[in-house]
Amino acid sequence: MADTYQPMDGFDSMTDSTFILKPAAQPTRAARDGLAANGGYVRLLQGQEPAESMALRQKLFDEVWTPLEARLVAIETQVNHMGVREVCDFVDSAYAQVETKEKGRLAQPFTEIAAAVAFAGVNTGDHGKLFASLRSELRGRGHHVALLESQYCGSLPSMHRCVLEEVYDSIHAGDAVPHAAGRLRAGVHDLSLLGNWWAAAVAAQGEAARQHKIVVILQDVEGFPPTVIDDFVRIATGYCDAAPIVVVLGLATSYECVQQSLTKASIAKLNVERFNLQRSKQCIDMAVRSLLVDGGAALAFGAEAYKSLLDQFLLYDFSIAGFVKKLKYAAMDFFYAQPLSVLAAMAVPAGGGCPVRLCPEQTDLIRMQRSVQRFLEQQASAEGAQYVRQALTDDRFLQDTVLPQMMRRLAAFRQAYSVGIDMVLEIQAMAPESARKPMRTLHYYGLGQKFDDCAHWKALLAAVQRAKPSEMEKLLRALCHVVDRRTDVDWTLLPGGSTSVPQALRDAAQLLADPEAAAASSSPGADDKPPPLLRTRTRTAMESRPFQLFDSSISDALLRALEASSAAVEAALRACLRPYSDAPLSEVFYYRHSHLLDTTFSAQPRAAVHIALGKSHYYIDCDCCAEKDAAQAASEAGDSGYGDDGEDQRIMPSMGDTSIAYRLHQECGRMINVYDWYSSFASVVEGEDRK
């Protein structure tokens with residue numbers, strides 16, 4: 001029988017996405033040529049967008065996404081390198097002989113195979129890249145590596161063949177003779193060849209090559225037949241004296257899989273050491289920090305879209321590749337479908353003004369944004385009514401004067417937000433372990449909740465209130481360092497703008513350093529009432545500052561300095577962690593299409609099939625099925641054949657056979673009888689002529 005296997009394409013995976021391909025009118029040849037020439041970009045605003053603007057959107061997508069993708073790859077490589085390096089160090093030290101003063105080096109009294117159990121996590125889509133990186137690192141250290149996948153090792157001979165071929169290629173990688181000249185003869189799958197090849201390599205390269213091991217990596221142990229792994233371990237144990245063989249077992253679940261796959265005799269032959277390569281959460285935290293928090297990218301995410309981005313990662317499979325796909329899809333949707341994405345040219349690091357002249361439709365769209373209207377209302381009091389009138393009527397004035405001002409405020413807002421997250425991290429360092437959250441969660445709190453509504457911010461402020469004088473002094477030094485390090489923030493552009501944040505933190509640090517001098521300089525006059533004492537032993541005071549229970553020597557001036565410092569920290573956090581909707585042009589630069597991301601990447605095939613069977617007239621455009629308007633009218637008239645939502649619940653012969661059977665199944669419920677089901681189906685189908 002001919003092999004009819006065909007590889008899956010993008011539409012065959014029902015677990016990744018669900019696509020609905022709707023029929024459309026065939027485009028003309030000129031339209032097809034234009035789409036091909038423009039990379040799929042079309043002129044938006046009902047065709048009124050200038051061609052220069054469309055070309056700029058295409059250019060900006062490449063300029064924005066290319067560095068983002070490079071940074072993501074660098075972050076993933078950096079995070080994975082830590083786990084890969086630990087496994088490589090284990091391979092380097094495998095089969096090390098014990099050094100003694102009396103008898104020199106002693107060999108092991110029994111034979112064991114050095115085995116590294118690498119937990120790679122449930123994100124199986126990223127395992128290929130991870131273990132390929134491990135193979136490259138091991139080969140870079142001189143080891144001979146064979147990377148095996150379960151789909152090619154269904155039997156013991158096929159597994160031996162894969163091991164021998166890859167080890168042979170690794171040993172003879174630098175030879176001038178093509179590998180095909182020394183290929184294995186058909187049917188020769190004997191692991192004794194490993195010892196011969198390794199001895200030949202040691203003889204050719206010197207004693208330094210004796211430290212190089214033969215490493216066999218099983219990428220997905222769960223996919224291998226248990227008997228194949230068990231037999232391979234038993235056979236490989238007999239050749240450990242001839243060649244140092246190290247086995248790396250890649251696991252996606254737990255160590256119990258190894259215990260279930262191997263017999264006790266095989267497990268006893270393994271010298272196992274466990275390693276954790278699942279560092280996807282650390283990778284996501286670094287990506288969120290580098291791409292979304294630090295504010296270097298032109299595209300940011302709103303609260304709902306960011307939650308959709310995280311849910312795909314946390315609730316599905318911890319896949320870095322899936323996270324990157326969703327991020328790229330959002331960037332594509334932004335530049336393909338947003339006519340104001342040309343403003344990203346002013347947000348990129350090398351951006352100045354917008355390089356193209358905006359059309360009237362684009363300028364009107366800018367004026368309709370709520371954040372722009374709030375900005376103009378604020379400018380009315382500072383610049384006058386003439387400024388607002390020109391911004392609303394003069395397109396050139398809006399683009400040349402108003403837009404740069406809003407872009408500078410947006411940049412200052414995002415930079416201040418980054419400073420606020422850094423301050424939160426410093427506060428978390430002194431807070432209890434239970435009050436610490438990862439970067440991805442902190443960013444969601446900063447986007448999705450107001451400051452007064454966020455329980456985590458309140459918990460951190462309570463920790464600041466309970467801080468001892470020494471802890472508060474250390475915290476203020478760290479916060480001042482965070483603020484001074486970000487010299488690019490223009491604090492005067494923030495809402496209610498002033499330089500109050502850095503100066504308030506410095507004043508609080510200075511006050512806490514010498515509270516007695518500050519109290520003496522502000523001592524009350526003869527007619528002024530003295531400030532109230534703060535050392536009153538009340539239960540509330542003990543709960544807010546429990547250190548007073550053990551230290552009664554704290555002065556009133558120091559307590560007032562602690563109160564002022566706590567207030568300064570809270571004011572700084574409030575100034576930096578403001579809602580992103582307060583920033584100008586937030587509707588443009590904060591991506592909010594969470595529903596599009598959910599429907600594209602969070603497939604629900606069961607629900608889609610149920611809807612298609614129950615409401616087939618939405619999918620089959622025919623005249624014989626009831627129209628929605630008629631159904632709505634009948635529902636309002638009280639016809640029992642229609643549901644509360646106006647949908648036709650009647651079973652008509654004109655429906656498809658599968659839809660009829662599905663409707664009848666719904667009526668019967670779980671107590672269904674196959675014969676009655678078929679009889680009802682036949683009565684509906686044969687009851688009247690079908691169209």
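Just so it is clear, the model here is predicted, and its values are computed rather than measured.
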Please report the closest heavy-atom contact between Glu137 and Cys88, naming both atoms and the distance. CG-SG, 3.2 Å

His456 and Lys437: side chain to side chain contact (heavy atoms under 4.5 Å, CB included), yes or no, with the steps? CA-CA 9 Å; His456 185 63; Lys437 302 293 182 181; 3.3 Å; yes

Any donor-acceptor pair under 3.5 Å from His127 side chain to Gly121 backbone: yes

Leu403 side chain reached by Ile366 side chain, heavy atoms, under 4.5 Å: yes

Would you check if Leu277 and Asn80 make a side-chain contact, meaning some heavy-atom pair closer than 4.5 Å? no

Arg141 and side chain to side chain contact (heavy atoms under 4.5 Å, CB included): which single residue from Val91, Val215, Asp89 fits? Asp89

Flag side-chain contact, heavy atom, 4.5 Å: Ile284 against Phe318: no

Test side chain to side chain contact (heavy atoms under 4.5 Å, CB included) on Phe335 and Val64 and set out the steps. CA-CA 10 Å; Phe335 286 102; Val64 170; 3.8 Å; yes

So, taking the atom named CG in Leu410 and the one named CD in Gln415, what distance separates them when rounded to the nearest 0.5 Å? 9.5 Å

Tested for side chain to side chain contact (heavy atoms under 4.5 Å, CB included) against Ile427, the lone hit among Leu461, Asp422, Val464 is Val464

Donor-acceptor contact below 3.5 Å, side chain Asp126 vs main chain Ala321: yes

Val501 vs Leu494 side-chain heavy atoms within contact, under 4.5 Å: no

Would you confirm whether Thr600, through its side chain, and Leu597, through its main-chain N or O, come within 3.5 Å as a donor-acceptor pair? no

Residues His593 and Asp333: side-chain donor-acceptor under 3.5 angstrom: yes

Ring centroids only, cut at 6.0 angstrom: are Phe301 and Tyr590 within range, meaning strictly under it? no

Before you tell me yes or no, could you show the steps for Gln369 and Phe375 under side chain to side chain contact (heavy atoms under 4.5 Å, CB included), namely the whole-Å CA-CA distance, both residues' side-chain angles and the distance that decides it to 0.1 Å? CA-CA 10 Å; Gln369 308 304 319; Phe375 173 78; over 6 Å; no

Side-chain (Thr66) to main-chain (Glu63) donor-acceptor, under 3.5 angstrom: no

Of all the heavy-atom pairs spanning Ala337 and Arg57, show the shortest one and how long it is. N-NH1, 4.5 Å

Separation of Leu475 CG from Lys468 NZ (nearest 0.5 Å): 15.0 Å

Ser254: which residues meet the side chain to side chain contact (heavy atoms under 4.5 Å, CB included) condition with it, sequence neighbours left out? Glu256

Would you give me the side-chain donor-acceptor pairs under 3.5 Å for residues 568-585, sequence neighbours excluded?
from, atom 1, to, atom 2, distance (Å)
Glu570, OE2, Arg574, NE, 3.3
Glu570, OE2, Arg574, NH2, 3.3
Arg574, NH1, Asp452, OD1, 2.7
Arg574, NH2, Asp452, OD1, 2.6
Tyr580, OH, Ala303, N, 3.2

Using only atom types and a distance under 3.5 Å, with no angle test, would you say the side chain of Arg592 pairs donor to acceptor with the backbone of Glu304? no

Run the side-chain donor-acceptor check on residues 438-451: report pairs under 3.5 Å with partners two or more places apart or on a different chain.
from, atom 1, to, atom 2, distance (Å)
Arg440, NH1, Asp285, OD1, 2.9
Arg440, NH1, Asp285, OD2, 3.0
His443, ND1, Tyr417, OH, 2.9

Evaluate whether atom CD of Gln282 has more than 12 neighbouring non-hydrogen atoms of other residues, nucleotides or ligands under 6.0 angstrom away. yes

With side chain to side chain contact (heavy atoms under 4.5 Å, CB included) as the test, would you mind laying out the steps for Thr124 and Asp220 before giving the verdict? CA-CA 8 Å; Thr124 55; Asp220 47 342; over 6 Å; no

Any side-chain heavy atom of Phe323 sitting closer than 4.5 Å to one from Asn123? no

Supply the atom-to-atom distance Asp311 CG to Tyr306 OH, rounded to the nearest 0.5 angstrom. 10.5 Å

Less than 3.5 Å apart, any donor N or O on the side chain of Ser319 or Lys325 sitting next to an acceptor on the other? no

Should the pair Arg274 and Tyr255 be classed as cation-pi, given the thresholds of under 6.0 Å to the six-membered ring centre and 45° from the axis? yes

What's the separation between atom CD in Glu563 and atom CE in Met472, rounded to the nearest 0.5 Å? 9.0 Å

Side chain proximity check, Met423 to Leu505, heavy atoms < 4.5 angstrom: yes

Would you find a donor on one side and an acceptor on the other, under 3.5 Å apart, between the side chain of Ser133 and the backbone of Lys129? no

Donor-acceptor pair, Lys328 side chain versus Glu69 backbone, under 3.5 Å? no

At what distance, to the nearest 0.5 angstrom, does CZ of Arg560 lie from CG of Leu511? 11.0 Å

State, yes or no, whether a side-chain contact exists between Phe313 and Ile320 at a heavy-atom distance under 4.5 Å. yes

